[in-house]
Visitor: 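Below you will find the structure I want to go over with you.
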Amino acid sequence: MRTQLRQLGFAIDWARELATCDPDYYRWNQWFFLRLLKRGIAYKKTGTVNWDPVDQTVLANEQVIDGRGWRTGALVEKREIPMYYLRITDYADELLADLDTLDGWPERVRAMQANWIGKSEGAEIVFACGNDSIKVFTTRPDTLMGATFMAVAAEHPLALKAARNNAKLAAFIEQCRKEEVSEADLGDQEKKGMDTGLKAVHPLTGEELPVWVANYVLMGYGEGAIMAVPAHDERDFEFAGKYGLPVRQVISLDDKQEFDPQRWQDGYAGASGRLVNSGEFDGLARDQGAQAIVAALEKRDAGRPRTQFRLHDWGISRQRYWGCPIPIIHCDDCGDVPVPEEDLPVVLPENLVPDGSGNPLEKDAGFVNADCPQCGRAARRETDTMDTFVDSSWYFLRYACHDNDEAMVDERAGQWMPVDQYIGGIEHAILHLLYARYWTKLMRDEGLLSIDEPFSRLLTQGMVLAETYYRADDSGRRQWFNPADVEVSRDRNGQISSAVARADGRPVEFGGVEKMAKSKNNGVDPQQLVDRYGADTVRLFSMFAAPPEQSLEWSEAGVDGAWRFLRRLWASVNSHADSGRTRAFRPDQLSGQAADLRRQLHETIAKVGDDMGRRQMWNTAIAAIMELCNALQRFRPEGEAEHGLMHEAWEAVVRMIAPVAPHISEALWRKLGGEHSVFSAGWPEVDKTALERAAVTLVVQVNGRVRGRLEVAPGIDRDSALDLATGDENVARHLDGKTVRKVILVPDKLLNIVAS
RNA sequence: GCCGGGGUGGCGGAAUUGGUAGACGCGACGGACUCAAAAUCCGUUUCUGGCGACAGAGUGAGGGUUCGAUUCCCUCCCCCGGCACCA
């Protein structure tokens, strides 16, 4: 079933692929895009793409940064091209706030989205710099008086301007821009910088501050420029130390701590403390100081409060063939003209072959050449396609009303939505799920929907991991072997001692356990297992292996157990049904073992319902069903009532296992006399009266260690329990010579006698 | 470097709110059935000592809180995943 879960996760990807092939879906994507364009929610601006100067193509992000080494460093250039964007940042506040309403979502996904949106409160401050100015964003306006230099990103306009007559600076900037490509190891990259020679003017003191280019300042966040306060920011501190820039303390520390400009210490960036060395602001607490400083800046028109989001607007243009065409025609005279509604959809030609040299649409005259809808003259069709995340943002809405060719969605979408239970891989935790939430809100605000959120409950599956094997050639390049093509020898502890390739019998190296990926050739196709054992067994086995949110190392050990379980179930139910003794009975006719068995049956029904529903722990649900089956198979029914009980039990078992082993369950359900499908039979009901117990097991501890067990009537009080416990031989032995100090009773569960 | 998730028998994992650690399954070992094997069924299976009843140790390491800690707190180690030096 993990496979099935996995496939449900893939459904997102399938939906995207199918949707992009479906002109009907294109039509509404394009219709809605044009509507957003008209509203100004979609807009055009220059964006940066990774460009391969050798193959002359745009590189996908993962080709550049995922460490597979396709293209790195010098082989990637940045290129500025016009792109279409959606104003997702306008919804940043709502997307953040509504996370609190998604209580059916895993906490970690909500945390990841909140971090991604990245709201921070602070101020923007403007520093004069010659005839220009530098605007910065800071979360710490209280430290303004401790700013000792400015730092700008390599791409910052002022840096570029200064580089025009400074070759060394230009070279440094070029180097920074190249290195920025590999974000993966940015974390431990050394801080580097260079003085531009420019001076910025402190807006309150008038002091001149040097302006540096620094590789730790990012153009994509805030203003691409910072005021550096080395005394209270660890990165600025490190940078100042390296380049000998001044450090000025402006926030007091705890009494215990002394400020040392040579050494960074934890409290420097802390929240406590008052302003010092800050002139008129001295003595104010941090937040008051921040307010006062921002007020002073506002008076001089040099700053104001501001909330900054990390989230960027969503660039939806993609320079690739497969995707929904962006319905725009570029005319030399009329500019960018939307394709008229009656001409939608713009469809992709299907006969093009991507050859790795860029978007084939650009070279297809039949697609590119178009008449301007406004003036009728020859014009050029937009060849960028939409990000396929656009398609996955609302496919589930279209499912509800796929046959409507008059409207994007109709009232049926409102009836079906929101999705009760959404399942997908954890890799979709941020992008897909955030875009789908955003799109839902967009459609709501366009009057097409009345829901705020698309998915009520979310299950994010863990990754499936598998062993990797490789053989390195002389140059160190690794050739990866699929685990299925490798013969593994293990030592007594199950550890891999050696492995050889089946093909040539020569040894291969074990490369550790990693997430299944094409690049490591460690994917496993469950189809072979399905062919051998059947789909029900493979579903049962993979659902039983681990809870769905946990990552799972793929192993076929254990699949035999699932197979045996289903075979036993098949035999037991058939033999019961063939006995033909299925008459109704009254529970009070049962006694002894039979009554216990019926209690276990109803406890199991309750547990399995809770595990499959609330807890989403399918592995323990299956374990409980297995336990029940073991008990049922051991039981030898005598008389009509006990045969009736067996019938009640097997009916319940078949209904409970049906979600996991649907084919066998369906057949067994008919065998048990079901007229309709097991899936219309409903969930077995818990008979609360069957749950009552005549006796419970009370664990007896002495000083927290288990020394005995008592069978007692439910609800027994502490003193009676203690009386019984001290009568137990082993308990008495451990109490011998000691005085009872304290007795703790956990009702119907445990009695702890504290003695010394 | 930062963030998130983990670390429990030979293995996958269970223990839901601080209350019997190891459910369920795999594997292994022993037995029944069989001329034999497979399949099936029964039993044992955390480690150490003991014929046993039992006793001691034990959930990555070390400390703490508690009558009681896999669970809560502190420090540290290791593994997996993600990433954005976010001002």
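These figures come from a predicted structure and were not determined experimentally.
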Visitor: Any N or O donor-acceptor pair under 3.5 Å from the base of B:A84 to the side chain of A:Arg310?
Guide: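 Indeed, a donor on one side and an acceptor on the other fall under 3.5 Å apart.
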Visitor: Below 4.0 angstrom from OP1 or OP2 of B:C67, is there any side-chain N or O of A:Lys742?
Guide: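 It does, given that an N or O in the side chain of A:Lys742 lies less than 4.0 Å from OP1 or OP2 of B:C67.
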Visitor: Starting at NZ of A:Lys749 and ending at P of B:A21, how long is that distance when rounded to a whole Å?
Guide: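 Answer to the nearest Å: 13 Å.
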Visitor: I'd like to know if the side chain of A:Thr148 reaches the main chain of A:Pro246, judged simply by a donor and an acceptor atom lying under 3.5 Å from each other, with no hydrogens or angles considered.
Guide: yes
Visitor: Just compare B:A21, B:A87, B:G13 and give me whichever is closest to any side-chain atom of A:Gln550.
Guide: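 When the side chain of A:Gln550 is considered, B:G13 is the closest of B:A21, B:A87, B:G13.
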Visitor: In whole angstrom, give the distance that lies between atom CD of A:Gln113 and atom P of B:C3.
Guide: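 In whole Å, B:C3 P lies 20 Å from A:Gln113 CD.
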Visitor: Is the shortest distance from a Lys or Arg side-chain nitrogen in A:Asp736 or A:Arg733 to a carboxylate oxygen in the other one below 4.0 Å?
Guide: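 A salt bridge is absent here (no side-chain N lies under 4.0 Å from a carboxylate O).
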Visitor: Starting at CZ of A:Arg110 and ending at P of B:G4, how long is that distance when rounded to a whole Å?
Guide: 15 Å
Visitor: Taking B:A61 as the reference, what is the distance to B:G50 when you measure between their P atoms (whole Å, please)?
Guide: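 Their P atoms lie roughly 27 Å apart.
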Visitor: Specify the separation, in whole Å, of atom CG of A:Leu99 and atom P of B:G4.
Guide: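 For the pair A:Leu99 CG and B:G4 P, the rounded distance is 16 Å.
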Visitor: Of the nucleotides B:C24, B:C67, B:U16, which has the atom closest to the A:Asn630 side chain?
Guide: B:C24
Visitor: If the P atom of B:U71 is compared with that of B:U17, how far apart are they to the nearest Å?
Guide: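 Between the two P atoms, the distance is 14 Å.
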Visitor: Pick the closest RNA chain B nucleotide for A:Phe137 and for A:Arg615 by heavy atoms, then say which residue is nearer the 5' end.
Guide: A:Arg615
Visitor: Are any of A:Arg140's side-chain N or O atoms less than 4.0 Å away from OP1 or OP2 of B:C86?
Guide: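 So the side-chain polar atoms of A:Arg140 never come under 4.0 Å of the phosphate oxygens OP1 or OP2 of B:C86.
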Visitor: Using a heavy-atom cut-off of 4.0 Å across all strands, would you classify A:Arg634 as base, sugar-phosphate, or nothing?
Guide: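 A:Arg634: no heavy atom of the nucleic acid under 4.0 Å.
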Visitor: How many Å lie between CG on A:Leu540 and C1' on B:G12, as a whole number?
Guide: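 Interatomic distance, CG of A:Leu540 to C1' of B:G12: 14 Å.
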Visitor: More 5' along RNA chain B: A:Asn619 or A:Asn115, using each one's nearest nucleotide?
Guide: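 Its nearest nucleotide lies further toward 5', so the answer is A:Asn619.
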Visitor: If B:A38 has a Watson-Crick or G-U wobble mate with both distances under 3.5 Å, name it; if not, just say none.
Guide: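 The answer is none; no pair meets the criterion.
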Visitor: May I ask you to decide whether A:Asp728 forms a salt bridge with A:Arg707, counting only side-chain N to carboxylate O separations under 4.0 Å?
Guide: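 Salt bridge flag = no for A:Arg707 with A:Asp728.
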Visitor: Output the single nucleotide from B:U16, B:G27, B:G12 whose closest atom is nearest the side chain of A:Asp611.
Guide: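 Of the options given, the side chain of A:Asp611 lies nearest B:U16.
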Visitor: Which is true for A:Asn730 with a 4.0 Å heavy-atom rule: it touches a base, it touches only sugar-phosphate, or it touches nothing?
Guide: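 Contact class for A:Asn730: sugar-phosphate only.
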Visitor: Could you check whether A:Thr307 and A:Glu121, counting side-chain N and O atoms only, form a donor-acceptor pair closer than 3.5 Å?
Guide: yes
Visitor: Ignoring the backbone of A:Glu627, work out which of B:A87, B:A23, B:G19 is nearest its side chain.
Guide: B:A23
Visitor: With rounding to whole Å, what would you report as the distance between B:C47 and B:C85 at their P atoms?
Guide: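 The same atom, P, in both gives a distance of 49 Å.
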Visitor: Figure out the CD1/C1' separation between A:Ile753 and B:U20, and round it to whole Å.
Guide: 15 Å
Visitor: Salt bridge check: are A:Glu603 and A:Arg693 linked by an N-O gap of less than 4.0 Å?
Guide: yes
Visitor: Does A:Arg567 have more than 12 heavy atoms from other residues, nucleotides or ligands lying within 6.0 Å of its CZ?
Guide: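 No - once you tally the heavy atoms of other residues, nucleotides and ligands closer than 6.0 Å, there are 12 at most.
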Visitor: Calculate the interatomic distance between A:Leu569 atom CG and B:G25 atom P; express it in whole Å.
Guide: 14 Å
Visitor: What's the gap between B:G31 and B:U20 when it is taken at their C1' atoms, as a whole Å value?
Guide: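 Comparing C1' positions in B:G31 and B:U20 gives a spacing of 31 Å.
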Visitor: For a quick check of understanding: with a heavy-atom distance under 4.0 Å over all strands, which category does A:His734 fall into, base, sugar-phosphate or nothing?
Guide: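 Touches sugar-phosphate only.
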Visitor: By nearest atom, which of the nucleotides B:C67, B:A87, B:A21 is closest to the A:Leu218 side chain?
Guide: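 Of B:C67, B:A87, B:A21, B:A87 is nearest to the side chain of A:Leu218.
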Visitor: Which is true for A:Gln308 with a 4.0 Å heavy-atom rule: it touches a base, it touches only sugar-phosphate, or it touches nothing?
Guide: nothing
Visitor: If pairing requires Watson-Crick or G-U wobble contacts with both distances under 3.5 Å, which nucleotide is the partner of B:A61?
Guide: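 Result: B:U75.
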Visitor: Considering only atom C1', compute the distance from B:A39 to B:G7 and round it to an integer number of Å.
Guide: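 My reading of the C1' atoms in B:A39 and B:G7 gives 39 Å.
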Visitor: What is the separation between atom CZ on A:Arg568 and atom P on B:C24, rounded to the nearest whole Å?
Guide: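 So the CZ-P distance, A:Arg568 to B:C24, works out to 12 Å.
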Visitor: Considering only side-chain heavy atoms of A:Val706, which listed nucleotide, B:A21, B:G12, B:U16, is closest?
Guide: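 Of all the options, the side chain of A:Val706 is nearest to B:A21.
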Visitor: Kindly point out which of B:U20, B:A39, B:G25 is positioned nearest to the side chain of A:Gln701?
Guide: B:U20
Visitor: Can a donor-acceptor pair under 3.5 Å be found between the side-chain atoms of A:Arg709 and the base atoms of B:U20?
Guide: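 A donor-acceptor contact between them is present.
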Visitor: Give me the distance, rounded to whole Å, that separates B:G4 from B:C72 when you measure between the P atoms they each carry.
Guide: 15 Å
Visitor: Heavy atoms under 4.0 Å, any strand shown: does A:Val746 hit a base, just sugar-phosphate, or nothing?
Guide: base
Visitor: Students often get this wrong, so: under 4.0 angstrom with heavy atoms, is A:Arg705 touching a base, only sugar-phosphate, or nothing?
Guide: sugar-phosphate
Visitor: Syn or anti for B:G10, given that syn means the glycosidic angle lies within 90° of 0?
Guide: anti
Visitor: Looking at every strand, decide which applies to A:Lys119 at a 4.0 Å heavy-atom threshold: base, sugar-phosphate, or nothing.
Guide: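 No contact.
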Visitor: Between B:U70 and B:U65, how far apart are the P atoms? Round to whole Å, please.
Guide: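 Approximately 16 Å lies between the P atom of B:U65 and that of B:U70.
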Visitor: So what does A:Arg707 touch, heavy atoms closer than 4.0 Å: a base, only the sugar-phosphate, or nothing?
Guide: sugar-phosphate
Visitor: Which one is paired to B:A21, where only Watson-Crick or G-U wobble pairs with both distances under 3.5 angstrom count?
Guide: none
Visitor: My understanding is that a pair needs two contacts under 3.5 Å, Watson-Crick or G-U wobble. By that rule, which nucleotide pairs with B:G52?
Guide: none
Visitor: Select one nucleotide: of B:C85, B:G13, B:A87, the one nearest the side-chain heavy atoms of A:Pro547.
Guide: B:G13
Visitor: Partner of B:C26 by Watson-Crick or G-U wobble geometry, both contacts under 3.5 Å, or none?
Guide: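 Partner of B:C26: B:G10.
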Visitor: When the P atoms of B:U46 and B:A37 are considered, how many whole Å apart are they?
Guide: 28 Å
Visitor: Would you indicate whether A:Arg532, at its atom CZ, is surrounded by more than 12 heavy atoms from other residues, nucleotides or ligands within a distance under 6.0 Å?
Guide: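 12 or below, so no.
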Visitor: OP1 or OP2 of B:A53 versus the side-chain N and O atoms of A:Arg733: is any pair under 4.0 Å?
Guide: no
Visitor: Where the side chain of A:Met626 is defined as all heavy atoms beyond and including C-beta, which of B:C67, B:U16, B:G25 is the nearest nucleotide?
Guide: B:G25
Visitor: If pairing requires Watson-Crick or G-U wobble contacts with both distances under 3.5 Å, which nucleotide is the partner of B:C33?
Guide: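 The base-pairing partner of B:C33, which may sit in any strand shown, does not exist here.
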Visitor: Applying a 4.0 Å non-hydrogen cut-off, can you work out what A:Val754 is touching in the nucleic acid: base, sugar-phosphate, or nothing?
Guide: sugar-phosphate
Visitor: Just checking, any donor-acceptor pair under 3.5 angstrom between side chains of A:Arg614 and A:Gln616?
Guide: no
Visitor: Picking from B:G27, B:C85, B:A14, which would you name as closest to the side chain of A:Arg564?
Guide: B:G27
Visitor: Does A:Arg310 make a cation-pi contact with A:Trp116 (under 6.0 Å, within 45 degrees of the axis)?
Guide: yes
Visitor: Name the pairing partner of B:C2, where a pair is Watson-Crick or G-U wobble with both distances under 3.5 Å, or state none.
Guide: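 Per the H-bond distance test, B:G82.
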Visitor: Pairing donors with acceptors under 3.5 angstrom, does anything connect the side chains of A:Glu627 and A:Thr604?
Guide: no
